[in-house]
Amino acid sequence: MAATVSFKVPSPHGPRTVTVDYARVGSGEPLLLLHGIGHHRQAWDPVVDILATEREVITVDLPGFGASPGLPDGLTYDLATTTAVFGAFCEALELDRPHVAGNSLGGLLALELGREKLVRSVTALSPAGFWSEAERRYAFAVLLTMRGIALRMPRPMVERLSRSAAGRTALTSTIYARPARRSPEAVVAETLALVNATGFAETLRAGGSVQFVDDIPGVPVTVAWGSKDRLLLRRQGVRAKQIIPKARLVRLPGCGHCPMNDDPALVARVILDGSR
């Protein structure tokens, strides 16, 4: 069941009210799931029911994405602010150091929450921030191209393309290795989420200087990478392991950048194992 929550976040000009959309299902230790740039919390739908058999699962739309409004004036879309937002979100929902899993931008946020000791374990699926400068420019160019195409595409065309496996491949093969598995309704919804992502440009701009360079001692960390990730290349996982030496590095065979859809059972198992 979807819900919204509002809470105060500090800013240089005094506290600002942030509102986010989220859903909560299942029982057990809390597990917070964070999506990537231009996506929405429904990116996790393929794995939520599996996870909810053992965890209380909280999926959330990042500010300026999905159904969550953008950040108010005085707050920027940088890593420090977004980390503070989710610290305040956990307080508002009375989540005492939840487990966290994130994909792409969400994976970077999950690692940052771990670095700040705000969570009890981290699972990062193809996290941002372990790129070389050339790899970052490539990824940003791909993301901008994806959004540009989505912005120019009339909704009836998106709906028509989504009805065939070939059309779903054309729309989503950048992030999925097995795009035909995504339902037509999900492809339409996530294309519209990319179009309507008010936080997209500022988040991308803030990410231009981001590099994750710190170890995360005292928190269990899993980093998992799809073998067919075409956006953030899998060698970045090796760099993540060098920076976080005690992290468990897992290969996801046959999975793309958003592996939750490509192999839900495998991804759910990796997340559950990483959040013991």
Side-chain angles (χ1 to χ4, degrees), residues 31-37 39 43-51 53-55 57 59 99-115 119-132 134-136 138-140 142-143 169 172-182 207 210-217 219-276:
L31 169 65
L32 178 63
L33 301 179
L34 303 175
H35 64 77
I37 187 170
H39 229 150
W44 296 99
D45 282 356
V47 298
V48 164
D49 287 346
I50 308 172
L51 297 172
T53 62
E54 299 186 39
R55 301 282 182 274
V57 180
T59 54
H99 301 284
V100 63
N103 173 224
S104 195
L105 167 64
L108 171 63
L109 291 173
L111 290 165
E112 189 68 13
L113 289 166
R115 195 179 69 81
V119 294
R120 63 184 86 175
S121 75
V122 175
T123 303
L125 310 175
S126 296
F130 297 100
W131 41 43
S132 67
E135 289 164 350
R136 183 198 65 76
Y138 161 75
F140 281 27
V142 171
L143 289 165
T169 299
T172 65
S173 62
T174 307
I175 59 171
Y176 299 128
R178 297 165 177 147
R181 289 188 177 182
R182 202 77 171 123
V210 167
Q211 199 83 33
F212 198 89
V213 295
D214 293 328
D215 192 10
I216 308 178
V219 176
V221 175
T222 300
V223 175
W225 229 283
S227 65
K228 296 187 176 180
D229 193 330
R230 297 171 58 189
L231 188 65
L232 297 181
L233 306 179
R234 64 183 182 182
R235 60 175 172 255
Q236 295 171 34
V238 177
R239 288 188 205 127
K241 173 71 173 169
Q242 290 167 346
I243 291 165
I244 311 167
K246 291 187 178 177
R248 182 176 66 123
L249 181 59
V250 180
R251 184 171 174 267
L252 304 174
C255 289
H257 183 62
C258 297
M260 304 84 78
N261 177 74
D262 290 328
D263 195 335
L266 174 61
V267 170
R269 176 50 48 205
V270 168
I271 293 171
L272 290 171
D273 287 349
S275 59
R276 297 291 177 204

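Excluded from the calculations below are hydrogen atoms, water molecules and symmetry mates; all remaining heavy atoms, backbone and side chain alike, are included. It should be emphasised that the depicted structure is a prediction, and the values quoted were computed from it without experimental measurement.
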Contacts under 3.5 angstrom, residues 235-243 side chains, donor-acceptor by atom type, not counting sequence neighbours:
from, atom 1, to, atom 2, distance (Å)
R235, NE, E135, OE2, 2.6
R235, NH2, E135, OE2, 3.0
Q236, NE2, E135, OE1, 3.4
R239, NH1, F130, O, 2.8
R239, NH1, E135, OE1, 2.6
R239, NH2, E135, OE1, 3.3
R239, NH2, E135, OE2, 3.1
K241, NZ, P245, O, 2.7
K241, NZ, A247, O, 2.7

- prompt: Which residues satisfy the side chain to side chain contact (heavy atoms under 4.5 Å, CB included) test with S121, sequence neighbours excluded?
  reply: H99, P220, S275

query: Between atom CG of L232 and atom CD1 of I175, what is the distance when rounded to the nearest 0.5 Å?
result: 12.0 Å

field: Contacts of R115 that satisfy salt bridge (Lys or Arg N to Asp or Glu O under 4.0 Å) - sequence neighbours left out
entry: E112, D214

query: Residues two or more places apart in sequence or in another chain: which of them pass side chain to side chain donor-acceptor pair (under 3.5 Å) with R136?
result: E133

Contact summary for A124 and G107, nearest pair of heavy atoms: CB-O, 3.9 Å

statement: So the side-chain hydrogen bond (donor to acceptor under 3.5 Å, both in side chains) pairs with at least one residue in residues 256-265 (sequence neighbours excluded) are S104-H257, D229-H257

message: With side-chain contact (heavy atoms from CB on, under 4.5 Å) as the criterion, how do S227 and R234 come out once you've worked through the C-alpha distance, each side chain's angles and the decisive distance to 0.1 Å?
response: CA-CA 6 Å; S227 65; R234 64 183 182 182; 3.5 Å; yes

message: Tell me every residue that passes side chain to side chain contact (heavy atoms under 4.5 Å, CB included) with R248, counting only those two or more places apart in sequence or in another chain.
response: T222, V250, V270, D273

field: Sequence-distant partners of D49, side chain to side chain contact (heavy atoms under 4.5 Å, CB included), two or more places apart
entry: none

message: Just to verify, what does R182 make a salt bridge (Lys or Arg N to Asp or Glu O under 4.0 Å) with, not counting sequence neighbours?
response: E190

task: Using the test side chain to side chain contact (heavy atoms under 4.5 Å, CB included), find all partners of T53 that sit at least two apart in sequence or belong to another chain.
output: none

- prompt: Between I37 and F140, does a side-chain contact (heavy atoms from CB on, under 4.5 Å) hold up when you go through it step by step?
  reply: CA-CA 11 Å; I37 187 170; F140 281 27; over 6 Å; no

